[in-house]
There are 2 protein chains.
Amino acid sequence: MKKNSTDKRTRIMNAALDLIAENGFHASPTSLIAKNAGVGMGTIYRYFENKDALIEAIHQETHEKLITEIFSEDSEKQPVRERFIRVFTNLIKYMIRYPHISKFLEQYYNSPYGIDKKREKLSSGDDPFGKLMNYAKSQHIIKNLDNHVLHAIAFGPFIFLLKDHIAGFIQIDDEMIGKIVEACWDGLKR
Amino acid sequence: MKKNSTDKRTRIMNAALDLIAENGFHASPTSLIAKNAGVGMGTIYRYFENKDALIEAIHQETHEKLITEIFSEDSEKQPVRERFIRVFTNLIKYMIRYPHISKFLEQYYNSPYGIDKKREKLSSGDDPFGKLMNYAKSQHIIKNLDNHVLHAIAFGPFIFLLKDHIAGFIQIDDEMIGKIVEACWDGLKR
DNA sequence: GAAAACAGAGTGAATGATCATTCCGTTCTT
DNA sequence: AAGAACGGAATGATCATTCACTCTGTTTTC
């Protein structure tokens, strides 16, 4: 039985993800990450250059997984409204299904890490949402506003609400998801 | 020339506010707060029990100032739509005029402090936005959704956008404010 | 095929850095 | 001069990171 070193790497990443989701970056010492992953502290540094690199790796992986999943059924042949509604709905369901990932990403984007990452994303130009927005604008289906503003109208409400959901103030069910998505679309459409 | 002890208290609070806004909680050591406030480290502990108490005091003060200011012109006699638009517009302008306060509050509400504070607010029931929402719902002017959801639709977009503004990705001018507020209203109204 | 030598993953005590907080000598106020 | 206010070095706690060592599986030697 060959020891798969990916196994330990994964265990470290999962332990860190869980801890950061539950306690935040600053209450997730490497010692605890190592303990929860069932490895020695030194082992973390065999797989990651330092703690930042570990966090970056987790972000990269979760972000990719998220984007892939929520756009999985998206097709340029569908009507724009349908596409928006499907993608938003997927996003919300995903976030609710994987609360630890949501919390991690939320923390990440609210930290100094996140700002730089966003800057990178924007300049590299591979933003599937941006493309969808641009197309919808060219068809005069949604308001002709800066993409940042459209992003805000589309995602702001749910990001806001997610905190309430995670904190336990509300319970988001399928019916509510439908209504939220509709309301966001109302804000977006011409 | 009498040394007013309130003066030092204020200087400490302002220094902490600025540092936290610019660098976050965890890059704002008491030593630096003291230095920027022009006082000794020990002095901070004459005015605040500990660092948490200092942060709570800053929150309390900035939050009160914010609420007072954005509701200053609000009157129950005005039409609901006008009231929403005025209050939102005030909020956005305030946040843009005082970016350090905005950043501080954003950090605060994204930290463990903030969650507890929100819980407190909700149970105490003194939420002027909630009242406005309830009234508008009773008049069938806005969608009949849970207040959390309405809050999210109303404030989510701007909170989201504010980060972009502060990070320098966009420049929010008066025309943009008007459009954002309209879009939020579109999401809210029946 | 057994024993010896090696390789390198894994470990966690030790290190050094950074903080919040305290404590006591100094400075101001009355 | 007494007492309050102040300053900042000292303290003790918490971390990320390192590094000398162990352990296990593999290769070489005879």
Side-chain angles (χ1 to χ4, degrees), chain A residues 1-60 104 107-108 110-114 116-117, chain B residues 1-60 104 107-108 110-114 116-117:
Chain A
M1 177 172 48
K2 170 150 178 282
K3 265 244 180 92
N4 187 352
S5 67
T6 305
D7 177 44
K8 282 205 173 161
R9 193 185 143 94
T10 305
R11 268 170 33 218
I12 291 167
M13 285 175 75
N14 285 339
L17 173 69
D18 290 347
L19 271 172
I20 292 169
E22 281 174 11
N23 309 329
F25 287 117
H26 303 284
S28 305
T30 44
S31 55
L32 199 54
I33 293 171
K35 194 178 163 193
N36 286 10
V39 304
M41 272 190 292
T43 307
I44 291 175
Y45 292 85
R46 297 202 65 74
Y47 292 96
F48 303 94
E49 196 191 327
N50 52 35
K51 204 185 178 187
D52 277 9
L54 166 59
I55 288 166
E56 282 305 327
I58 297 171
H59 165 255
Q60 168 106 357
F104 173 85
Q107 303 235 23
Y108 180 86
N110 281 319
S111 75
Y113 302 113
D116 296 341
K117 194 52 69 175
Chain B
M1 177 172 49
K2 170 151 179 279
K3 268 248 177 85
N4 186 351
S5 70
T6 305
D7 176 45
K8 280 200 176 164
R9 191 184 144 95
T10 305
R11 266 166 39 215
I12 291 166
M13 285 175 75
N14 285 338
L17 173 69
D18 290 347
L19 272 171
I20 292 169
E22 281 174 12
N23 309 328
F25 287 117
H26 303 284
S28 304
T30 43
S31 54
L32 199 53
I33 293 171
K35 194 178 163 194
N36 287 10
V39 303
M41 275 190 290
T43 306
I44 291 175
Y45 292 84
R46 296 201 64 72
Y47 292 97
F48 303 96
E49 197 191 327
N50 52 35
K51 204 185 179 186
D52 277 10
L54 166 59
I55 288 166
E56 283 305 329
I58 297 171
H59 166 255
Q60 168 106 358
F104 173 85
Q107 303 235 21
Y108 181 86
N110 282 319
S111 75
Y113 303 114
D116 295 340
K117 194 52 69 177

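Each chain gets a letter, A, B and so on, in the order its sequence line appears, and its residues count up from 1.
Contact of the B:I55 side chain with the B:F104 side chain is registered, since non-hydrogen atoms from C-beta on lie closer than 4.5 Å. Residues B:H59 and B:Y113 fail the side-chain proximity criterion, which asks for heavy atoms closer than 4.5 Å.
Residues satisfying the side-chain hydrogen bond (donor to acceptor under 3.5 Å, both in side chains) criterion with B:E56, sequence neighbours excluded, are B:Y108, B:K117.
Between A:I44 atom CD1 and D:dT18 atom C1' the separation is 13 Å, expressed in whole Å. Going from atom CZ of A:F48 over to atom C1' of D:dT18 covers 18 Å, rounded to whole Å. The nearest whole Å value for the distance from the CZ atom in B:R46 to the P atom in C:dC28 is 16 Å.
Comparing atom distances between the B:Y45 side chain and each of C:dA20, D:dT17, C:dG10 picks out C:dA20 as nearest.
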Exercise answer: donor-acceptor pairs, residues 16-31 of chain A side-chain atoms, under 3.5 Å, sequence neighbours excluded:
residue, atom, partner, partner atom, Å
A:D18, OD1, A:H100, ND1, 2.9
A:E22, OE2, A:H100, NE2, 3.1
A:S28, OG, A:L19, O, 3.4
A:S28, OG, A:G24, O, 2.7

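Between A:R9 atom CZ and A:N14 atom CG the span is 11.5 Å, to the nearest 0.5 Å. The CD atom of A:Q107 lies 8.5 Å from the CG atom of B:N110; values are rounded to the nearest 0.5 Å. Here the CZ atom belonging to B:F48 is positioned 7.0 Å from the CD1 atom belonging to B:I58, to the nearest 0.5 angstrom. Expressed to the nearest 0.5 Å, how far CD1 of B:I12 lies from CG of B:N36 amounts to 12.0 Å.
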message: Run the side chain to side chain contact (heavy atoms under 4.5 Å, CB included) test on B:V39 and B:I33 for me, step by step, so that the C-alpha distance in whole Å, both residues' side-chain angles and the decisive distance to 0.1 Å come before the verdict.
response: CA-CA 9 Å; B:V39 303; B:I33 293 171; over 6 Å; no
Please write out each protein N/O paired with an N/O of nucleotides 12-18 of chain C under 3.5 Å, distance rounded to 0.1 Å.
residue, atom, partner, partner atom, Å
C:dG12, N7, A:G42, N, 3.1

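A heavy atom lying under 4.0 Å from DNA chain D marks the following residues of residues 13-38 of chain A, by number: A:S28, A:P29, A:T30. Looking at residues 49-57 of chain A, you'll see A:N50, A:K51 sit with a heavy atom under 4.0 Å from some atom of DNA chain D.
The salt bridge (Lys or Arg N to Asp or Glu O under 4.0 Å) contacts involving residues 33-51 of chain B comprise nothing, where partners must be two or more places apart or lie in separate chains.
When the C1' atoms of four end pairs are superposed on the next four at each end of the helix from C:dG1-D:dC30 to C:dT30-D:dA1, using five pairs per end, the two resulting axes differ in direction by 20°, to 10°.
Side-chain N/O atoms of A:K8 include none lying less than 4.0 angstrom from OP1 or OP2 on C:dA9.
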